[in-house]
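The structure appears below as structure tokens.
For clarity, every value in this text was computed on a predicted model and none was experimentally measured. Only heavy atoms go into these numbers, but all of them, side chains included; no hydrogens, no water, no symmetry mates.
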Amino acid sequence: MKRISPTEVEIHLEALRWNYRQLRRRLPKSFKTMAVVKSDAYGHGAVAVAKGLREADAFGVGTIDEGVELRRAGIKKPILVLLGLIEGSESELLRHRLTPVIYHLDTAHRLNAWLRARHRSLDVQVKVDTGMTRLGVLPSELTQFLIGLQRLKNLCPVGLLSHLSDASHADFTKKQVDAFFQSIELFHQFFPGKKMLHIANSLATMHGGGLGKRSPDSQAEWMGRLGIALYGAYPDGVDKDVSLRPVMRWRSRLVSLKRVPKKTFVSYGRTYRTHRPSRIGVVPVGYADGYFRNLSNRAEVLIRGKRIPIVGRVCMDMMMVDVTRDPEIRIGDEVVLLGRQQGAEIRAEELAQLAGTISYEIFCRVAARLPRRYLEKL
């Protein structure tokens, strides 16, 4: 059932493509690109984003389900499943031509046995842990891993990847990149030929691919993984000389206005008290919609191009705003929680700083129950 609501999330596809082109220019011409659309494209809608990014060479998803969704929507380009194989999902990988990341030999053995019984093979990519301490084979264990993988004839290792944990820190990133190049050399000994190699995230992409002074292996296909910057938010530690345009605009409308006297408490817990006769408006957005409760009494919204403070605690489905300074504001006026309005702007980075989190979470928390509207033009 379609939700009837004054609140919606606009996704501006032209801004998405603009951001892609800015990032693409920062990479060496020989690099390919992977658009990371995991977690429903960070809340923006994976299918629409993938269809909107026709120039991308591949897509990265978190789970097999996310990859299947893209295939069923008609996406034909390579799809890498970053989480890897979950036992019992082998048939989905094969049927939908998804490429899993491999980092445990026992998982690789099970997948190989399943494929061998059906006389089939499958492309995989190997992940090496160069310093993230999350998924990946430790460099000290990579030789034994590759020896074992080489025996599994139904698996076709087509790439090697790693993940930067702190791309804003040059010295640590150099250590990770050095470890990755050592892993590449070893990988090529076991699996010669042109392979896909990637370690660069959004921030590293903005720095030209993240390889520092090292030259990309000409015998490989290098790739940049484009994530948060695609959606118009700047990664921490980047100089904002790359022009990024926010893709998401979150809007609602005022549904109530009332005049209240001085010293009136607003919302749960009496955390705000008016210090003058005030006009208090109600916006039908709350923490059930993904708006952070700890933005209560801290963040602002835009109404008629002006910044309006949120007062009192954010509720499950509503929040209150103090519109006393603008007597022209009326019920039904557009309220922008994230994005631009009449030259003013609230960015995800601003809300993230106020909420003590990162822009990724601001996007991902916007509830799926809110309708998305996809706009081709800005």
Side-chain angles (χ1 to χ4, degrees), residues 2-3 7-24 32-86 89 92-101 123 125 135 161 163 196 198 200-202 205 223-233 235 244-250 289-290 338-339 348 358-376:
K2 184 178 179 180
R3 185 179 186 224
T7 306
E8 69 174 8
V9 180
E10 296 174 353
I11 306 298
H12 294 265
L13 297 174
E14 185 56 37
L16 178 76
R17 288 188 284 268
W18 166 273
N19 296 336
Y20 174 85
R21 290 191 291 268
Q22 304 313 302
L23 297 169
R24 169 69 265 188
K32 292 189 174 183
T33 58
M34 176 182 292
V36 180
V37 294
K38 64 181 180 178
S39 300
D40 200 29
Y42 299 30
H44 291 69
V47 169
V49 165
K51 288 184 174 181
L53 286 175
R54 302 178 188 89
E55 300 169 73
D57 298 297
F59 295 100
V61 298
T63 65
I64 292 170
D65 287 346
E66 291 175 341
V68 171
E69 180 186 26
L70 293 187
R71 287 286 186 243
R72 287 177 174 167
I75 302 300
K76 300 186 183 303
K77 290 185 177 179
I79 296 174
L80 182 66
V81 181
L82 295 165
L83 182 61
L85 171 68
I86 301 299
S89 58
E92 297 299 305
L93 283 175
L94 186 62
R95 181 182 306 120
H96 296 285
R97 297 171 290 107
L98 305 175
T99 303
V101 168
D123 289 349
Q125 291 196 26
L135 300 179
L161 69 147
H163 195 92
M196 184 63 67
H198 46 113
N201 56 10
S202 284
T205 293
M223 177 176 281
R225 294 196 303 267
L226 313 181
I228 191 65
L230 270 181
Y231 306 104
L244 298 178
R245 297 175 177 175
V247 175
M248 180 182 288
R249 184 173 183 266
W250 188 358
D289 299 298
L338 182 64
I358 54 178
S359 55
Y360 303 71
E361 190 176 7
I362 296 296
F363 292 142
C364 290
R365 284 275 292 270
V366 178
R369 76 176 186 169
L370 296 178
R372 266 65 168 170
R373 186 158 65 102
Y374 294 93
L375 304 174
E376 286 292 336

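Salt-bridge formation is not detected for the pair E376/K51: no Lys NZ or Arg NE/NH1/NH2 atom is positioned less than 4.0 Å from an Asp or Glu carboxylate oxygen. Under 4.0 Å is where a charged nitrogen must lie from a carboxylate oxygen, and between R72 and E69 no such pair does.
For the atom pair CG of L338 and CD of E10, the computed distance is 11.0 Å after rounding to the nearest 0.5 Å. The line from CD1 of I358 to SG of C364 is 8.5 Å long, rounded to the nearest 0.5 Å. Interatomic distance, OG1 of T205 versus CG of L226, reported as 5.0 Å (0.5 Å rounding). For the atom pair CD (Q125) and CE (M223), the distance works out to 7.5 Å, reported to the nearest 0.5 Å. In this structure, CG on L82 lies 11.0 Å from OG1 on T99, to the nearest 0.5 angstrom. Taking CD1 of I79 as the reference point, atom CZ of R97 lies at 8.0 Å (rounded to 0.5 Å).
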Which pairs of donor and acceptor atoms, one on a side chain in residues 54-64, lie under 3.5 Å apart (sequence neighbours left out)?
{"unit_1": "D57", "atom_1": "OD2", "unit_2": "T33", "atom_2": "N", "d": "2.9"}
{"unit_1": "D57", "atom_1": "OD2", "unit_2": "T33", "atom_2": "OG1", "d": "3.4"}
{"unit_1": "T63", "atom_1": "OG1", "unit_2": "E66", "atom_2": "N", "d": "3.3"}

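Between the side chain of R225 and the main chain of H198, a donor-acceptor pair closer than 3.5 Å is present. Side-chain N or O atoms of R372 include none that pairs as donor or acceptor with a backbone N or O of H44 at under 3.5 Å.
The shortest heavy-atom contact between L244 and A229 is CD2-O, 3.8 Å. Heavy atoms only, all atoms of each residue included: A48 and L13 are closest at O-CD2, 4.1 Å. Nearest heavy atoms, D40 versus A46: OD1-N, 2.9 Å. Considering all non-hydrogen atoms of both residues, W250 and G290 come closest at CH2-C, 4.0 Å. Across G227 and Y42, no two heavy atoms sit closer than the pair CA-OH, 3.6 Å. Counting all heavy atoms, side chain and backbone alike, A50 lies closest to L70 at CB-CD2, 4.1 Å.
Side-chain contact between L98 and E92 is absent, with no heavy-atom pair separated by less than 4.5 Å. Contact of the V247 side chain with the F363 side chain is not registered, since no non-hydrogen atoms from C-beta on lie closer than 4.5 Å. Looking at L135 and V101, their side chains never come closer than 4.5 Å, going by heavy atoms from C-beta outward. Within the 4.5 Å cutoff, the side chain of L370 has no heavy atoms near those of the E8 side chain. Put simply, the side chain of V36 does not reach to within 4.5 Å of the side chain of L230, judged on heavy atoms.
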I11 and M248: CA distance, side-chain angles, deciding distance, side chain to side chain contact (heavy atoms under 4.5 Å, CB included) verdict: CA-CA 5 Å; I11 306 298; M248 180 182 288; 4.2 Å; yes

